[in-house]
Amino acid sequence: LSCTSTYYLLRRLLLIKTQSKLAESPTGVAVKMVRKFCGSLALLLQLLLLVGQSQQFLKEDNMKQLSRSTMLKMIDGSDKEDRLYLERCTQSSQLESCQFAVDDDINQAPWSNECAFTTADMRPWFEARLENPSFVTRIQLFTVRNIEERGRDALRDFDLLVGDFTCARYRSYASFSNRTFSCDNIGEHIRVQSHLDHAVLVLCEVVVYGKVLHLSRADNGNTRCAMSSVEKNNICERAIDNNLDQDLKKGACAYTEKEKRPWWEGRLEVPAIVRKLRVYNRADCCQSQLNTFEITVDGQLCFRYDADKMINVQDFECRRFGSRVRITIAMGKTDDNSHLPLCEVQLYGFLVVYLGAKKPSYIGCFPERRLKRDLETLAGLNRMSPDKCDRICSRMNKPFFGLQQGFQCWCGDHYGSYGREREKFCWMQCDGSTEYKCGAKMISSIFKVSNQEYEKNKPTR
């Protein structure tokens, strides 16, 4: 019998007694003891539940990763974090627009219409893209006070992701009005993913801190290579030639001679933050030749693979900074000599663009036409400055950008089709910088994009 059932059974057996006699009888004393025991048990259960209310974080193993201070200094020489801004948000449903979570306005009143609300969804979610790829140090989430007045709180069980990385996992029996989560990951978007059903996700503001990466996409075009030896004509370049054929016999792969600990190394022209490697093994035969190996970046271990399962094509996560990526056959179950087959190695990450090397060059003040614009792509709408618009248009491989109406960033391949205006017509202050003017209505302050030489690489890796 449960504790409560035992208590009420004893009460029923003593209904014939008066209340005073019940209190004095041996059985009445038993009732009191049961009730006292039930109270103690209930208190114990509450304490156990409180323990369960503590937040749980799932973070990647950072013992072999760069520290936060090192990452920040690597980006621009300073270990101070900046405020980062979000744009282009989406969420699982739109009871109130997701834009309220990225508008830099915090209003946490329970019945406020200035927070992003979903309906009572199955596993509701919110996602927003950072203005530029960034190293995110921490994220602060603000929600409404007394959330239960609006529905079941989706933030009692959720994951917080930066890019593809789960930087925090929260499980709790209690709601919070604001909480800060440490991340220390590189990404281009933030995602809040609840695991609750029929729950309402409410975010009044998502505040992100870290540092914008002044980087361009890494590509095999920036890579040279070397290897410990070459069998026949299977040279190291076969692993970075963008040929995804996995038949070694057709000359599609790099292949070493049979030796102890053979290795292949890719050498970047510019140092990079390496996020991931995709490795293509040979498929014509002998895939077991690549089942025990290590991946290092500048001598620092990034990943060790040691399994009976043979790989065909597989991704290996990494977050190391350097310019030499090496794959080495490691000592496995046998110390015998071995070949190293690599049909393709694809690098995913960010190349360093050294700050101060170039700045966007101001060209002049030029008019636009609404129906046929020179600068055809609207790329940003808030807290605009020349440096910010320069970073955005660099990523789009556009050679020119224009600032309009104080807050608009336009990117394009040409300008000047409609003549030139005098400088006084580009009079509006940039809303992201007090030092510059950002055009006017249908008039652009035109700049040439900086660091264009890095952006000529394919943006897919």
Side-chain angles (χ1 to χ4, degrees), residues 83-134 136 138-163 167-168 170 175-181 183 187-210 212 377-385 388-389 392 404-411 430-432 438 441:
R83 171 76 185 274
L84 304 175
Y85 293 98
L86 297 164
E87 58 186 8
R88 289 183 288 175
C89 63
T90 55
Q91 59 188 30
S92 54
S93 60
Q94 296 272 6
L95 186 61
E96 294 290 347
S97 172
C98 68
Q99 292 292 336
F100 287 119
V102 297
D103 62 356
D104 203 22
D105 181 19
I106 302 173
N107 185 343
Q108 295 178 271
W111 295 97
S112 168
N113 291 324
E114 297 183 19
C115 298
F117 279 85
T118 69
T119 57
D121 294 341
M122 305 285 284
R123 295 167 57 87
W125 54 267
F126 166 92
E127 185 171 296
R129 184 169 293 275
L130 289 160
E131 292 175 340
N132 290 281
S134 302
V136 177
R138 56 192 174 98
I139 300 173
Q140 190 171 12
L141 301 181
F142 292 84
T143 185
V144 297
R145 302 183 182 92
N146 303 320
I147 177 62
E148 297 298 341
E149 295 181 13
R150 300 298 297 261
R152 189 184 186 194
D153 183 9
L155 291 180
R156 287 186 174 184
D157 187 349
F158 72 94
D159 289 349
L160 182 61
L161 294 91
V162 173
C167 65
Y170 184 82
S175 301
F176 62 83
S177 61
N178 74 83
R179 187 176 291 269
T180 301
F181 300 89
C183 282
E188 296 183 89
H189 65 271
I190 308 296
R191 184 179 179 91
V192 178
Q193 175 66 68
S194 176
H195 296 283
L196 296 179
D197 294 335
H198 308 293
V200 177
L201 178 58
V202 184
L203 291 169
C204 299
E205 195 68 25
V206 178
V207 182
V208 184
Y209 297 93
V212 170
T377 304
L378 178 60
L381 283 172
N382 61 339
R383 302 178 187 86
M384 198 51 59
S385 68
K388 176 181 174 181
C389 191
I392 295 172
Q404 288 186 22
Q405 291 188 252
F407 65 95
Q408 296 179 0
C409 171
W410 292 81
C411 308
C430 298
D431 69 349
C438 286
K441 187 173 183 180

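Since the model is a prediction, treat every value here as computed from it, not as a measurement.
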Problem set entry | Test item: Ser93 side-chain N/O and Thr119 main-chain N/O as donor-acceptor pair under 3.5 Å | yes
For this session: Identify the heavy atoms of Gln408 and Leu381 that sit nearest to each other, and give their distance.
Result: CG-CD2, 3.9 Å
Problem set entry | pair Ile190-Leu86: side-chain heavy atoms closer than 4.5 Å | yes
Exercise. Looking only at atom types and distance, does a side-chain atom of Thr377 sit under 3.5 Å from a main-chain N or O of Ala379, one as donor and one as acceptor?
Worked result: no
Problem set entry | Over all atoms of both residues, closest heavy-atom pair of Leu203 and Ala101 | O-CB, 3.6 Å
For this session: Could you tell me if the ring centre of Tyr170 sits under 6.0 Å from that of Phe176?
Result: yes
For this session: Determine whether Asn178 and Gln140 make a side-chain contact, defined as any pair of heavy atoms from C-beta on separated by less than 4.5 Å.
Result: yes
Exercise. Can you tell me if the gamma sulfurs of Cys409 and Cys389 fall under 2.5 Å?
Worked result: yes
Problem set entry | Under 3.5 Å: donor-acceptor pair, side chain of Thr118, backbone of Leu201 | yes
Problem set entry | side-chain contact (heavy atoms from CB on, under 4.5 Å) partner of Glu114, chosen from Asp103, Ile106, Asn107 | Asn107
Exercise. So how far is it from Cys89 SG to Phe100 CZ, rounded to the nearest 0.5 Å?
Worked result: 10.5 Å
Exercise. Do you know the tightest heavy-atom contact between Ala116 and Cys98?
Worked result: CB-CA, 3.6 Å
Problem set entry | Rounded distance [0.5 Å steps], CE in Met122 versus NE2 in His195 | 13.5 Å
For this session: Determine yes or no for a side-chain-to-main-chain donor-acceptor pair under 3.5 angstrom, with Ser134 supplying the side chain and Val136 the backbone.
Result: no
Problem set entry | Closest heavy-atom pair and its distance - Val202, Cys115 | CG1-CB, 4.0 Å
For this session: Please check if the side chain of Gln91 supplies one atom and the backbone of Phe117 the other of a donor-acceptor pair under 3.5 Å.
Result: yes
Exercise. For the atom pair CZ (Phe142) and CG (Asp105), what is the distance rounded to the nearest 0.5 Å?
Worked result: 11.5 Å
Exercise. Can you find a pair of side-chain heavy atoms, one from Val162 and one from Ile139, that are under 4.5 Å apart?
Worked result: yes
For this session: Indicate yes or no: at least one non-hydrogen side-chain atom of Arg83 is less than 4.5 angstrom from one of Tyr209.
Result: yes
Problem set entry | CE-CD distance between Met384 and Gln404, expressed to the nearest 0.5 angstrom | 11.5 Å
For this session: Would you check if Leu155 and Val192 make a side-chain contact, meaning some heavy-atom pair closer than 4.5 Å?
Result: yes
For this session: Identify the two heavy atoms, one from Asp104 and one from Glu205, that lie closest to each other, and give their separation to 0.1 Å.
Result: N-OE2, 2.8 Å
Exercise. Got a second to check how far Cys438's SG is from Phe407's CZ, nearest 0.5 Å?
Worked result: 10.5 Å
For this session: Rounded to the nearest 0.5 Å, what's the gap from CZ on Phe181 to CG on Leu141? Could you check?
Result: 5.5 Å
Exercise. Under the 3.5 angstrom rule, does the side chain of Ser92 hit a backbone N or O of Pro124 as a donor-acceptor pair?
Worked result: no
Exercise. Can you list the residues that meet the ring-ring contact (aromatic ring centres under 6.0 Å, His included) rule with Phe126, with sequence neighbours excluded?
Worked result: none
Exercise. Is there any salt bridge (Lys or Arg N to Asp or Glu O under 4.0 Å) pair reaching into residues 116-131, and which pairs are they, with sequence neighbours excluded?
Worked result: Glu127-Arg191, Glu131-Lys388
For this session: Work out which heavy atom in Ser175 is nearest to a heavy atom in Arg156; give both atom names and the distance.
Result: OG-NE, 3.5 Å
